[in-house]
Each structure stands twice: as C-alpha cells, then as structure tokens.
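Right, one structure below, let's go through it.
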Amino acid sequence: MLDLKFVRSHLDQVKDMLKARDYELDMSHFEEVDAKRRTLITRLEDLRHRRNTVSQEIAKLKKEGKDASDLILEMKEVSAQIKTLEKEADQYDEELNQLLMVIPNIPDASVPVGKDETDNTVVRMWGEKKQMDFEPLPHWEIGENLGILDFACAAKLAGARFALYRGLGAKLERALINFMLDIHTKEHGYLEILPPFMVNRACMTGTGQLPKFEEDLFKIEGWDYFLIPTAEVPVTNIHREEILDEERLPISYVSYTPCFRSEAGSYGKDTRGLIRQHQFNKVELVKFSKPNESWEQLEILTRNAEEILRRLELHYRVVCLCTGDLGFSAAKTYDLEVWLPGQGLYREISSCSNFTDFQARRAGIRFKKKGTKGTELVHTLNGSGLAVGRTLVAILENYQQADGSVVVPEALRQYMGGVEKITGPTQS
RNA sequence: GGAGAGAUGGCCGAGCUGGCUGAAGGCGCUCGCCUGCUAAGCGAGUGUGGGUCGAAAGAUCCACCGAGGGUUCGAAUCCCUCUCUCUCCGCCA
C-alpha cells in the first residue's frame, strides 16, 4: 500500500508512474473521497472535544451537588451526532482504503519501462548452454522413464498439477532443500525459520495477496485460514505490527516450505511436468532492511540465490523485470532464469524483489532509530533461494545422459549418500 | 470436546464499587549533575497513529488499556460476541 499523504500530494506523479504498469488511477474519485473523509474527521473531532470537556464539567457539578441535567441532555444529543458521523466516517475510511489497497507499488527509477516480459532486460549471464550429442528430453520424460517421478499416480491421489516423487527422486528433492538451507544459513548468514503452512487473513493482507488475489489461494473450508502460496507470507509477517530496534537490521531469514497455488487463470499452461504445480517446495529468502540499505540488500539477496545455481553448475541468466511485468507489491524484481535443454528455453527459478515500504506499511513493520523520536517503515525484500521443484527439473534436464540416466551434481552428492548417478528409483 | 483463570505502555505490575488515569509504582532506556575510574546516588525526560495551525522548532486537539459491538452525559473499569494465552479433565499424532 502506498502512503496516503504521498499519493495525495503527488497525484499526477503517481498516476504517471502507475500508467507505466498499466494501472489507471481514478483521480477525481480519490480526491473526492479523501476530501470528504477529512472534513468529516474534523467535525467529528470537534464534537468529541466538546463531549470530553462538558463531561468533565458534569462530573464537577455532580461532585458539588449541583444540577447538570441541562448539560446531560445536550450531551445526549452530541453523542448521538457523534455516533452517526462515526458511521459515515467509517464508510469513507473503508472506501479510501479500498482505493489505496488495490494500487500497486511504484516501480523504481532503474526499472526498464515496458509492456510485458519481452521488454525485460538481461542483466548478466553465468555459464553456458550444455552441449549434448543426443536429443535432450524434457524432465517429465526423464523422470518417468527412470521411475522417480509419477504424474499419473499423483493425479489418482489428488488431480492434475500434482507430482509424486519416488526413491532417489524424493531423495533428490530432499537433498536440494538441505543443500540450499545449509548454504544460506552457514555461508550467507540467514536464520532458518520453519513457519506454519497455513496463515490467517491478516497475514495475507499484510503481504499483499489479499484483498486482490484471493482466487489464487487455497482456502480452508470453514476456517479463515489459507494455505501459504510462498514462505514470504508467514515469514514477512513474523514482524507484523512490530517496532524493531535499528541495530537489529538488516534481518535475514531463510525458510523452507511447501507452497500452494490454485493457478487459476493458467489453464492449459505448462500442463506437463513439474513446472506449474498446485503444491511445490521452495526455499525462500526474506530480508528486513533500513530504507537506505535496501537496494544494496537486493543485490546481495540476488547473489545469494545465484550462488545455489553456480554450485550446481547450472547455466542461468539474470533478468530485470520491466514495469509492465512487475508484481503487484514489488518496486524492482530480478528473475533468475535457468537454462532447460529438454525444453530449449530459460525458465524462472527465482524471483528476487525489493518491496520498499509497500508491504511494511500494510503490515505495520517499523523501526526506531536510537536517539530520535518517531518511527520509520522498514523495507522488505524476498526471493526464492530457490524453487526446489524447478531446480530438480534443471538438474534432470542438464545432467541427463544419452542412456537416460542422470548424473548427480558434485555439490549434491554428500546430500545423496554418495550417489553419483541416478539410474532408477533405487541405487543400482 | 468439558471446567476454570487471564490479556494494561519496551518489560514487570497497579487500577477493574465508571468521572483531571495515556494510565500509579518499579525495571529498562536517554540526557544532565556528582565521581580519579566503576558501582551507587540525585534531577529531568521516555508509547503509537491521526487531525488542525506553523516555513520549521513546536503548539493544540482526537483516538488507542487483546479485537469488535453495546449501556452511559462520561468506560481500562459495567454488559455481549470473538480471538489468544495459561491450568485441570477427556481425546489424540
């Protein structure tokens, strides 16, 4: 959510910036609601002030044993007025809030202006496409041939967009999770968090999934609980409605969780394989930073995520999302795209964003500078470090051999009990 | 699921027979004094959000004692609903 005062005083600027992300702001409506709300508040507070002072007079009169019935009668009237005005003010409050809640974040000046993903710019590349002297297969064929992935069985158990891992397939997924967590905690200084996989509505609103994107979420019937679409939600909300000490910043958390997404609106897209699932595993990096450090922290966080791909020796590129492709809450986002030879394309495997104070304002995450009064909003950042399922996809496709087996990347072997090559669900 | 207790400021903890209580007292913290240094001691200050005025410093007003509603001229204090925490019983991974 943007700052009301900022929007009010920079209406044209806000409108222009949002146009770059294809969002139309109804200025006149905004101004009208805002103005009405403010005059109401003024009137209300005048009345409340009067009620407070007169009530004290009444108390004094009664103490002295004098009659106060005239004043009481008058205050009865004032109180009734206050009550109706409060109801009215609440309505404008809500209306303004709704206007504000659906406005996306303002892109940083460094973000390229563009319409869609074709306007994203490649920031850097690492490694190169693996040369293969055979026709590389897509991962679903590799996995099914080896008997380590079973989509048919998952469909029987749940439905479309689920996967069942077998034997070394399951172990590889687990190895990746541990591998990523170890690097981020031991080498990059993140604190590991294992949060609830369901959260309440306040959390979803805090990080921006609600109210706008409820259809993307799985809701628990009969409860006001949602399955988390990413660890970002519970982990960012750890500090919701808190005032942090300046010295604690930046705070860096890493969290493995499964993620649940309805994928409403993506029917027919990526229907095969592990790419787009209702449930997938992810190791997420989350940072809370002082405003003047957040851009530096975004670079660090992105590098931390990249490090996983480098250790696994997977070719990737870093892309800066253009204004039109930017997510709702983000001011700037780098996508890490890994090369998938089986499909012959680069595929997003991590998305690292600086949300500036956008989430912090909604979630009420502030910090206090020593020696100064007042509080400031922190900046929140997060990024996948990495999407585990897609990393497994990248390994299958990049490390596949002509005979259908898959070599285990060097860095991962200690997590695989020394297995160097996968030839089936169990070690041969 | 059954029975009970509770939720107050950064923390501890009063208030809860309704009226100068944004909230005693203590701890912590900040600044000043004292001290050769440390400790102790003394003095002052120390919540958040918002409105109005002001260039600013600031002044002033309003709201907030788990959340929401109600009673009342007036609610931290009374009533109702909900949430959470704790204790006991039952059930259970």
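Chain naming here is simple, since letters A, B, ... match the order of the sequence lines and numbering starts at 1 in each.
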Would one find a side-chain N or O of [X] under 4.0 angstrom from OP1 or OP2 of [N]?
| X | N | result |
| --- | --- | --- |
| A:K76 | B:U71 | no |
| A:H49 | B:C62 | yes |
| A:R366 | B:G49 | yes |
| A:T42 | B:G50 | no |
| A:S69 | B:C73 | no |
| A:N52 | B:A63 | yes |
| A:K62 | B:C73 | no |

According to the ring pair (Phe, Tyr, Trp, His ring centres under 6.0 Å) rule, which pairs have a member within residues 1-45 of chain A, sequence neighbours left out?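 As it turns out, the ring pair (Phe, Tyr, Trp, His ring centres under 6.0 Å) pairs with a partner in residues 1-45 of chain A, which skip direct neighbours, are A:F6-A:H10.
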A:N200 and A:D224: side chain donor to acceptor below 3.5 Å: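 No pair is found: no donor N or O on one side chain lies under 3.5 Å from an acceptor on the other.
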Which whole-number value in Å describes the distance from [X] [atom1] to [N] [atom2]?
| X | N | atom1 | atom2 | value |
| --- | --- | --- | --- | --- |
| A:I82 | B:A75 | CD1 | P | 10 Å |
| A:D93 | B:G50 | CG | P | 12 Å |
| A:Q56 | B:A75 | CD | C1' | 14 Å |
| A:E241 | B:U48 | CD | P | 14 Å |
| A:L44 | B:G49 | CG | P | 21 Å |
| A:R37 | B:U52 | CZ | P | 10 Å |
| A:H239 | B:G10 | NE2 | P | 17 Å |
| A:R48 | B:C61 | CZ | P | 15 Å |

Taking the same atom, [atom1], in [N] and in [M], what whole-Å distance lies between them?
| N | M | atom1 | answer |
| --- | --- | --- | --- |
| B:A14 | B:A76 | C1' | 12 Å |
| B:G9 | B:G28 | C1' | 13 Å |
| B:A75 | B:C33 | P | 46 Å |
| B:C34 | B:G51 | P | 44 Å |
| B:G49 | B:C65 | C1' | 16 Å |
| B:G32 | B:C37 | P | 15 Å |
| B:G4 | B:C64 | P | 31 Å |
| B:G69 | B:G15 | C1' | 24 Å |

By nearest nucleotide on RNA chain B, pick out whichever of A:A59 and A:R51 is the more 5' one.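 Result of the comparison: A:A59.
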By nearest heavy atom, map A:I58 and A:D46 onto RNA chain B; which one lands nearer the 5' end?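 Upstream on the strand: A:D46.
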State, with a plain yes or no, whether a side-chain heavy atom of A:I422 is found less than 4.5 Å away from one of A:I148.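 Sidechains of A:I148 and A:I422: in contact.
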Test item: A:C352 and A:L298 side chains (from C-beta on) under 4.5 Å apart, heavy atoms: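 In short, these two side chains touch, coming nearer than 4.5 Å.
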For the side chain of A:R38, counting heavy atoms from C-beta on, which of B:C73, B:U52, B:A63 is nearest?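 Out of B:C73, B:U52, B:A63, the nucleotide with an atom closest to A:R38's side chain is B:U52.
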B:C61, B:C73, B:U48: which one has an atom nearest the side-chain heavy atoms of A:E45?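 When the side chain of A:E45 is considered, B:C61 is the closest of B:C61, B:C73, B:U48.
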Thinking salt bridges, do [X] and [Y] make one under a 4.0 Å N-O criterion?
| X | Y | value |
| --- | --- | --- |
| A:D270 | A:R347 | yes |
| A:K290 | A:E246 | yes |
| A:E306 | A:R310 | yes |
| A:R261 | A:E263 | no |

Dot-bracket for RNA chain B, please, read 5' to 3', with Watson-Crick or G-U wobble pairs under 3.5 Å on both distances, ( ) within the strand, [ ] crossing, | other strand, . unpaired. ((((((((.[[[..)...(.....]]]((((((.......))))))(((((((....))))))).[[[[[..)....]]]]])))))))....
Give a yes/no verdict on a cation-pi contact between A:K219 and A:F226, requiring under 6.0 Å between NZ or CZ and the six-membered ring centre and an angle within 45° of the axis.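 The answer is yes; both the distance and angle limits are met.
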